[in-house]
Protein chains: 2
Amino acid sequence: MGRALAESGTSRIELRRAESRRAILDAAWRVAAESGLESLSLREIAGRVGMQAPSLYSYFPSKAAILDALFADGYHALDDHLAAVAAALPPKASARQRLADLLRAWIRFCQADPARYRLLFTSAVPGWQPSEEAYAASLENYRRLGEYLAHVGVTDPDDLDLCTALSAGLVAQQMSNDPDGDRWLRRVDDVVDMFLQHTASRARRSARSRQESR
Amino acid sequence: MGRALAESGTSRIELRRAESRRAILDAAWRVAAESGLESLSLREIAGRVGMQAPSLYSYFPSKAAILDALFADGYHALDDHLAAVAAALPPKASARQRLADLLRAWIRFCQADPARYRLLFTSAVPGWQPSEEAYAASLENYRRLGEYLAHVGVTDPDDLDLCTALSAGLVAQQMSNDPDGDRWLRRVDDVVDMFLQHTASRARRSARSRQESR
DNA sequence: GTCTATAGACGGATAGAC
DNA sequence: GTCTATCCGTCTATAGAC
């Protein structure tokens, strides 16, 4: 939220338009957070920005377009959030600490706005799927996770899948069963330990098999 | 599906009623599977059993009551499915094999009916939450998982939470990203190995700390 | 660009005849 | 118990005046 819309031009009229679009998206986030993703209606969004529902069509061609913009917006917020946490890590932090901090940051990001979590990570809006362009933001995020794991020495694609499953599971349980607490957040260190131990022993196994096949 | 309704009496008239209720629920499962959980409307359910929508009110007091019945129904089907898999295990199967087979069975159960998965495990129906009675079926399932883990030597409540997160993560990734494939199903052995190794080392740690505190 | 008015569809639920 | 008819609400989206 508050992030400038990337596609806007520089003329004054286009600037105003981008500001209005931004205001509409911010209002939509507020509606979703307060009333739930289900009651995210054009009427209610418009009400928050002092408009009537049909006026929104001057800024977005459809409700799906608004949802697409929210989806991309949310993923960009996640990127920013994780980048900030990564930057704040001690330069010599261990892989264990890096992964655990990032995973905790991810969970907290979801807890900060359950409606956003549902929009980004569960397909919770009946009849809507992110467009291909919006989905690109999600893929970019996935790509970064892969880069990050490679950075701490995890390169096997199977391990990447494993990691997404571990993360998704912690987040899902936390959000479903203890949205304001830390019941699964507290399991992050366990999960990271398990995961790194597993990848290390897999690496040893495959190194051994490479050696044996000489 | 096809499971008799538990609350029916034995008189002929009550038997017919129970059969009609059963037919309505089966029709509802078919509608959900074919048209999606979102378009599970009373009109469409009624159409499948050759009725008009208002006639359903003779059998269920509201749409929510139908969803409650489906929810409980689905959990009972899960119980049956898992019990059958557990019964088919070799008597001397290892904890590793037992857990892995059960987890695979769970994932396959979800894959067999994505709409059922969404009803039971994601809160996918806008404006509906299972009633307390229906939710009891879910708690019973959770209780059984705890029993099962205790049976293979895992008794720490934190490990139970860990286990639910691992399962939920595998299922969620499989259903969201590869509903007809086995991309995360193939990771089950890895996950079970990780988990059992982790619980074993935790048990060793706490045994040591008990000993030290004497 | 913004409004009012309204189309057009779909939903759950109820009234009352049979 | 089942029907027809209907109420009343929701929603997205469009037409057309200003």
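Per chain, numbering begins at 1; letters A, B, ... match sequence-line order. Only heavy atoms go into these numbers, but all of them, side chains included; no hydrogens, no water, no symmetry mates.
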Set of residues satisfying side-chain contact (heavy atoms from CB on, under 4.5 Å) with respect to A:A23, sequence neighbours excluded: A:V49
Sub-6.0 Å ring centroid separation between B:Y142 and B:Y135: no
Salt bridge (charged side-chain N to carboxylate O under 4.0 Å, His left out) involving A:D80 - partner list, sequence neighbours excluded: A:R3
Those residues that, when tested against B:T155, pass side-chain contact (heavy atoms from CB on, under 4.5 Å) (two or more places apart): B:A150
side-chain contact (heavy atoms from CB on, under 4.5 Å) involving B:E133 - partner list, sequence neighbours excluded: B:S131
Check ion pair A:R186-B:D161 (N to O, under 4.0 angstrom): no
Ring geometry between A:W128 and A:F71 (parallel below 30°, tilted from 30 to 60°, perpendicular above 60°): perpendicular
Sugar-phosphate only, base, or nothing, as touched by B:G50 at under 4.0 Å among non-hydrogen atoms: sugar-phosphate
Over-ring placement of B:R116 relative to B:F109, 6.0 Å and 45° cut-offs: yes
Interface limits on DNA chain D, where chain B has a heavy atom under 4.0 Å of a nucleotide atom: D:dG1 to D:dA5
Please list each protein N or O that sits under 3.5 Å from an N or O in nucleotides 11-15 of chain C, with the distance.
residue	atom	partner	partner atom	Å
C:dG12	OP1	B:K63	NZ	2.7
C:dG12	OP2	B:L42	N	3.0
C:dG12	N7	B:R43	NH1	3.0
C:dG12	O6	B:R43	NH2	3.1
C:dA13	OP2	B:Y57	OH	2.7
C:dA13	OP2	B:K63	N	2.9
C:dA13	O5'	B:Y57	OH	2.9

